[in-house]
Each structure stands twice: as structure tokens, then as C-alpha cells.
Student: 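Following this message is one structure expressed as C-alpha cells.
We number each residue from 1, following the sequence as shown.
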Amino acid sequence: MRVPLLYTEKNSFLHRRDPRIKLLLFAVVIIFLYTAPNWQWMLAASVLGLALSIAARVPPLVLLVLWLLQLPNFIGLVAIPLGQELLADNFTPFDGDLTFGLRLGLAWSAALFLSLALLSTMSPDKITDGMRGLKIPEPLCFLVGYSFLLMYASMSDIFRTIDAMKLKGIELTLRRPIESIANMAKLFVPAVIIMARRAGTMMSTLQLRGFSFTQRPATTLGTVGAADVALLVAGVGALAVAALMRFAPAVLGV
């Protein structure tokens, strides 16, 4: 199946961690992004996320491409306010709009790198197993697993459709971007039909194999190890310190 998959089979430290712990850490990351007191914390989270992504052996090209996708946000939030500050008569670095832009722009990077480090080390089956291990309601677990399968299967069909279109002279190539945009419109209708057909077939197949919204299948999860607990404690500890630094002055009236 010629489909770009985020997950790759590796033997890194993060790959070996329990999926329940990684899902809990993902929730901690989301809360942290709304809790961190300033842009310096977001910068530290971005650097940590990048280091963890590299340790998880996420391909460098994937990291670069995904970061470039949010580059317009970084330009709008950081580069433009910085240019306005430089043109102003009273230049005050790291103040006002620039501080807000740095905080938000770096939050995007932190969210990207930390999410990649955690989610790229879990296969779709491991993600759903982790959700079931956390006692998340089965309908939601089923929908997540079903969505992953539908996405990958539909993408595989779309790639095959693109290959078939080449025989008719319809090709998507960066060498002819304007023509490719027009050809993408011709691909839209077949892609929608393919996904609609796949959805019904996959639902029936899963139900024939015993999967449903109500039946919770057995998981392959073992016991949580000491390294998993230590990783979770570190994540929760960092969140607690960030929350203390942000909210304690307001509560204590400092």
C-alpha cells in the first residue's frame, strides 16, 4: 500500500513506552500549551519536542515539511510584529504584540514536535489499545480505529486512481503546478466516491470480524513499567511547575 504512514516500526525509547502513558502525556501536552506562563516555556517545550522527535527517529524531512506547513503562522505571529517593533521609534524587544506572537508561534512548534514524538511511535492498533486501557468508552475507541483504517485505505485507493489517471494523460506534478491544480479538481469527485464506498464496506467488514460500538475486544497491553511511570511523573511535574508559576502570583496577590 503506497501510503505515507506517520508510524514507523522502530526500537527507540519512546517506541517501547506503554501507549496508555503516551496518551496521558499527550493530554498533559495539550493542557501545558494553555498553562505555560510565557514564551520562554514554549521555546523550551519546542526544543524538547524536537529532541524527542529526533530520538523517536521521525524522518528529518517529515519534521521539516510539517514545520514549514505552519511557517505562515510563525511569520504572521512573530516576523511581522518584530518588523513593526523594529520600525517603531521606541523599540522594546520581547514586549507587547511580539511577546504574544512568540508565545503563540512557539506553541504551534511545541505542539507539532511533542505530538509527533508521542503519536508517531504508536500504530493505530496501539492507539486504540491505549484508549481501551484508559477505559475510554468503546464507541470512541471504535471510531478512532475505524477512522485510521478508513483514511489509510482511502489514501491507497486515491494513489491508485492517480496512477490510473496518468494513463489518460492527467498527471499531478510540481513541474506544472497550474495544470496540476486543474487536474486535482478532476480527482475530487472520484476521491469522494471512493471514500463513500470504502466507508460502508469497512464498517461491514469490521462488524463481521466481531468489532462493534458495544463490544470491547481484548487488548495486548501488559503492566506499566518503571520507565513509563517516571516519564509520566516528569510530564505532570513540568505541568505543575508551569501552572504554579503562572497562577500562583495571581492567587497570592504578588
Student: For R16 and N11, work out which heavy atoms get closest and say how close.
Tutor: NH1-O, 2.6 Å
Student: So, taking the atom named CZ in F26 and the one named CD1 in I127, what distance separates them when rounded to the nearest 0.5 Å?
Tutor: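 Output value for this atom pair is 9.5 Å.
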Student: Would you compute the distance between atom CZ of R132 and atom CZ of F142 and round it to the nearest 0.5 angstrom?
Tutor: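 It comes to 9.0 Å.
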Student: On a heavy-atom basis, which atom in H15 and which in S120 lie closest, and how many Å separate them?
Tutor: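 Taking every non-hydrogen atom into account, NE2-O, 4.1 Å.
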Student: If every non-hydrogen atom of Q70 is compared with every non-hydrogen atom of W108, which pair is closest and at what distance?
Tutor: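 Closest approach of Q70 to W108: OE1-CB, 3.2 Å.
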Student: Just to verify, what does K22 make a side chain to side chain donor-acceptor pair (under 3.5 Å) with, not counting sequence neighbours?
Tutor: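 Applying side chain to side chain donor-acceptor pair (under 3.5 Å) to K22 gives T121.
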Student: Does any non-hydrogen side-chain atom of D18 lie less than 4.5 Å from one of I21?
Tutor: yes
Student: Over all heavy atoms of both residues, which pair between C141 and T128 is shortest? Give the atoms and the distance, please.
Tutor: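 Where C141 meets T128 most closely, the heavy atoms are O-CG2, 3.6 Å.
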Student: In the structure I gave you, are the side-chain heavy atoms of L52 and F113 within less than 4.5 Å of one another anywhere?
Tutor: no
Student: Tell me which pairs pass salt bridge (charged side-chain N to carboxylate O under 4.0 Å, His left out) where either residue lies in residues 234-243, with sequence neighbours left out.
Tutor: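 Counting only pairs at least two positions apart or across chains, no salt bridge (charged side-chain N to carboxylate O under 4.0 Å, His left out) contact touches residues 234-243.
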Student: Only pairs at least two apart or in different chains count here, so list each salt bridge (charged side-chain N to carboxylate O under 4.0 Å, His left out) that has a residue in residues 31-52.
Tutor: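 Applying salt bridge (charged side-chain N to carboxylate O under 4.0 Å, His left out) to every pair that reaches into residues 31-52, excluding sequence neighbours, yields nothing.
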Student: Could you grab the distance from atom CE of M245 to atom CG of N38, nearest 0.5 Å is fine?
Tutor: 6.5 Å
Student: Any idea which heavy atoms bring A117 and L14 closest together, and the distance?
Tutor: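 Where A117 meets L14 most closely, the heavy atoms are O-CD1, 3.6 Å.
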Student: Holding to side chain to side chain donor-acceptor pair (under 3.5 Å), I want the full list of residues that pass it with R57, two or more places apart in sequence or in another chain.
Tutor: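 So R57 forms no side chain to side chain donor-acceptor pair (under 3.5 Å) with any residue.
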Student: Side-chain contact, heavy-atom cut-off 4.5 Å: L119 with M122?
Tutor: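 They are in side-chain contact.
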Student: Run the side-chain contact (heavy atoms from CB on, under 4.5 Å) test against D125 and tell me which residues pass, sequence neighbours left out.
Tutor: S123
Student: With sequence neighbours excluded, what pairs up with S115 under the side chain to side chain donor-acceptor pair (under 3.5 Å) test?
Tutor: none
Student: With ILVMFWY side chains joined below 4.5 Å, transitively, what does V65's cluster contain besides itself?
Tutor: L61
Student: Can you list everything that forms a side-chain contact (heavy atoms from CB on, under 4.5 Å) with L134? Sequence neighbours excluded, please.
Tutor: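 So L134 forms a side-chain contact (heavy atoms from CB on, under 4.5 Å) with R20, L23, L24, I136.
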Student: Is there a donor-acceptor pair under 3.5 Å between the side chain of S53 and the backbone N or O of L116?
Tutor: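 No; zero donor-acceptor contacts below 3.5 Å.
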Student: Which residues pass the side-chain contact (heavy atoms from CB on, under 4.5 Å) test with A242, not counting sequence neighbours?
Tutor: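 A242 satisfies side-chain contact (heavy atoms from CB on, under 4.5 Å) with F32, P37, W41 only.
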Student: Work out which heavy atom in P19 is nearest to a heavy atom in L221; give both atom names and the distance.
Tutor: CG-CD2, 3.4 Å
Student: Can you list the residues that meet the side-chain contact (heavy atoms from CB on, under 4.5 Å) rule with A230, with sequence neighbours excluded?
Tutor: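 Per chain and number, A230 pairs via side-chain contact (heavy atoms from CB on, under 4.5 Å) with no residue.
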Student: Kindly indicate whether the side chain of F247, heavy atoms from C-beta on, has any atom under 4.5 Å from the side chain of T35.
Tutor: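 Result yes, sub-4.5 Å side-chain heavy-atom pair found.
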Student: Would you say the side chain of L102 lies within less than 4.5 Å of the side chain of M42, judging by non-hydrogen atoms?
Tutor: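 With C-beta onward as the side chain, the pair stays apart.
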Student: List for me each residue that meets salt bridge (Lys or Arg N to Asp or Glu O under 4.0 Å) alongside R17, sequence neighbours excluded, and say none if there are none.
Tutor: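 Here the qualifying residues are D228.
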Student: Under the side chain to side chain donor-acceptor pair (under 3.5 Å) test, which residues partner W67, sequence neighbours left out?
Tutor: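 Partners of W67 by the side chain to side chain donor-acceptor pair (under 3.5 Å) criterion, ordered by chain and then number, come out as S109.
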Student: So how far is it from L112 CG to S46 OG, rounded to the nearest 0.5 Å?
Tutor: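 These two atoms lie 9.0 Å from each other.
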Student: Does the R103 side chain pair with the main chain of A36, one donor and one acceptor, at a distance under 3.5 Å?
Tutor: yes
